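Numbering of residues begins at 1 and proceeds along the displayed sequence. All values derive from a computational prediction rather than experimental measurement.
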Amino acid sequence: MDPLDDLDQRIAGCRACPRLVDWREEVARTRRAAFADQTYWGRPVPGFGPSDARMLIVGLAPAAHGGNRTGRMFTGDRSGDVLYQALYDVGLASQPTSVGIGDGLELYGVRVTSPVHCAPPANKPTPGERDTCRPWLVQELTLLRPTLRSVVVLGAFGWQATLPALAEAGWRVPRPRPVFGHGARVALDGIGLFGCFHVSQRNTFTGRLTPEMLRDVLRTAAGTH
């Protein structure tokens, strides 16, 4: 088995955080009315994309009725609609939508993951849950290292989680640690680390993050290839 496939399977079986286990499974049982006829994934959501990716996109955590329902990162919710449309627009995805596993979507040289793999209540993991989940991100970064050339982090939470994971995976992270900001760029041992506002509805509906801003970050990060 491919080592990354093995990692994904182990992530999907994790039960390390009781609060998150209870929440994700409760959401999967009760479901949202619009998805009442669907069987929810209801487990940790592994990363999505090829094992030889040159770019890694790091989010926050799966959405309760998005990834927690579909079993794939940023799939089945408004945030994913924005992200995958942008990836398609810049030539990094085979189609502009991501509705469910088996929809034919392929990512070209890009993998999507998050520092917390379970849907959290109110979309807010605790620092302890973030730290408990970190070894999965460290292992993912380690496996991707031979081909990885850029990391795009969506939001301050992901940034704060990714920096120590990069350090544990063997990259030299500057001290003091770089501050998150949209458009932030840090050179780290052969890769570029990029900050981008999260593709949350709050950011995209208010115009804090526009499609063009997102495309610009993705193009810049892809250019480091």
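- Ion pair R219/E212 flagged as a salt bridge, since at least one NZ, NE, NH1 or NH2 atom sits closer than 4.0 Å to an Asp/Glu carboxylate oxygen.
- Between the side chain of H182 and the backbone N or O of F197, at least one donor-acceptor pair lies under 3.5 Å.
- Across A63 and D77, no two heavy atoms sit closer than the pair CB-OD2, 3.2 Å.
- A salt bridge links D131 to R134: at least one charged side-chain nitrogen sits closer than 4.0 Å to a carboxylate oxygen.
- Both M73 and L143 are assigned to one and the same hydrophobic cluster, defined by single-linkage of ILVMFWY side chains at heavy-atom distances under 4.5 Å.
- Side-chain N/O atoms of S98 and T75 include a donor and acceptor closer than 3.5 Å.
- Taking the ring centre of F194 as origin, the terminal cationic atom of R185 falls outside the region bounded by 6.0 Å and 45° from the ring axis.
- Counting heavy atoms from C-beta outward, T126 and E129 have side chains that approach closer than 4.5 Å.
- Of all heavy-atom pairs between F180 and G195, the closest is CE1-CA, 3.9 Å.
- Looking at heavy atoms from C-beta onward, V82 lies in side-chain contact with L214 at the 4.5 angstrom threshold.
- Cluster annotation: M55 and F74 are assigned to the same hydrophobic cluster (Ile/Leu/Val/Met/Phe/Trp/Tyr, side-chain heavy-atom contacts under 4.5 Å, transitive).
- Aromatic ring centres of Y40 and H65 lie closer together than 6.0 Å.
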Item to check | Derivation of the side chain to side chain donor-acceptor pair (under 3.5 Å) call for Q139 and R10 | outcome: CA-CA 11 Å; Q139 291 177 63; R10 290 188 287 119; 3.1 Å; yes
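- Rounding to the nearest 0.5 Å places CZ of F35 at 12.0 Å from CZ of R31.
- C14 approaches P44 most closely through the heavy-atom pair O-CG, 3.4 Å.
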Checklist entry - Are D5 and Q9 close enough, and set up right, to give a side chain to side chain donor-acceptor pair (under 3.5 Å), and what steps lead you there? => result CA-CA 6 Å; D5 290 340; Q9 287 192 17; over 6 Å; no
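- Between the side chains of Q38 and R69, at least one donor N or O sits under 3.5 Å from an acceptor N or O.
- Atom CD1 of I191 is separated from atom CZ of R149 by 9.5 Å, given to the nearest 0.5 angstrom.
- Linking Ile, Leu, Val, Met, Phe, Trp and Tyr residues whenever their side-chain heavy atoms come within less than 4.5 Å places L56 and V45 in a single cluster.
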Checklist entry - Between S114 and L60, does a side chain to side chain contact (heavy atoms under 4.5 Å, CB included) hold up when you go through it step by step? => result CA-CA 5 Å; S114 64; L60 193 163; 5.9 Å; no
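- Here the closest non-hydrogen pair linking L218 and A86 is CD1-CB, 3.8 Å.
- Judged by the 6.0 Å and 45° rule, R145 forms a cation-pi pair with W171.
- Under the side chain to side chain contact (heavy atoms under 4.5 Å, CB included) test applied with L141, the options V138, L144, L137 reduce to a single match, L137.
- Counting heavy atoms of neighbouring residues, nucleotides and ligands inside a 6.0 Å radius, atom CZ of R78 does not exceed 12 of them.
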Item to check | Candidate pair I57 and L83, rule side chain to side chain contact (heavy atoms under 4.5 Å, CB included), full reasoning | outcome: CA-CA 10 Å; I57 298 174; L83 178 61; 4.3 Å; yes
Show me, pair by pair, the donor-acceptor contacts under 3.5 angstrom made by side chains of residues 103-111, not counting sequence neighbours?
{"from": "D103", "atom 1": "OD1", "to": "R72", "atom 2": "NH1", "distance (Å)": "3.4"}
{"from": "D103", "atom 1": "OD1", "to": "R72", "atom 2": "NH2", "distance (Å)": "2.9"}
{"from": "D103", "atom 1": "OD1", "to": "L105", "atom 2": "N", "distance (Å)": "3.0"}
{"from": "D103", "atom 1": "OD2", "to": "R72", "atom 2": "NH2", "distance (Å)": "2.8"}
{"from": "D103", "atom 1": "OD2", "to": "V99", "atom 2": "N", "distance (Å)": "2.9"}
{"from": "D103", "atom 1": "OD2", "to": "G100", "atom 2": "N", "distance (Å)": "3.3"}
{"from": "R111", "atom 1": "NE", "to": "E140", "atom 2": "OE2", "distance (Å)": "2.6"}
{"from": "R111", "atom 1": "NH1", "to": "G49", "atom 2": "O", "distance (Å)": "2.8"}
{"from": "R111", "atom 1": "NH2", "to": "D8", "atom 2": "OD1", "distance (Å)": "2.8"}
{"from": "R111", "atom 1": "NH2", "to": "D8", "atom 2": "OD2", "distance (Å)": "3.3"}
{"from": "R111", "atom 1": "NH2", "to": "E140", "atom 2": "OE2", "distance (Å)": "3.2"}

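- Within 6.0 Å of CZ in R19 there are more than 12 heavy atoms belonging to other residues, nucleotides or ligands.
- Within the 3.5 Å criterion, the main-chain N or O of F157 finds no donor-acceptor partner in the side chain of Q160.
- Using a 4.5 Å cut-off on side-chain heavy atoms (C-beta onward), P164 and R177 make contact.
- Residues P115 and V58 are in side-chain contact: their nearest non-hydrogen atoms beyond the backbone lie under 4.5 Å apart.
- Residue R130 holds its CZ atom at 12.0 Å from SG of C17, rounded to the nearest 0.5 Å.
- You'll find the side chain of T97 stays beyond 4.5 Å of the side chain of Y84, heavy atoms only.
- Minimum heavy-atom separation, T142 to A169: OG1-CB, 3.7 Å.
- Of the inter-residue distances, the one linking L87 atom CG with R215 atom CZ reads 11.5 Å to the nearest 0.5 angstrom.
- At least one side-chain heavy atom of L209 sits under 4.5 Å from a side-chain heavy atom of C196.
- Side chains of L92 and Y88 form no contact here, defined as non-hydrogen atoms less than 4.5 Å apart.
- Using a distance-only test at 3.5 Å, with no hydrogens or angles considered, no donor-acceptor pair links the side chain of T162 to the main chain of W159.
- A distance of 9.0 Å separates CG in L20 from OG1 in T132, rounded to the nearest 0.5 Å.
- Across every non-hydrogen atom of D2 and S51, the tightest pair is OD2-OG, 3.4 Å.
- Results of the side chain to side chain contact (heavy atoms under 4.5 Å, CB included) test with V173 over L166, V186, L193 single out L166 as the only residue that passes.
- Atoms OG1 and CE, on T204 and M213 in that order, are 11.5 Å from each other to the nearest 0.5 Å.
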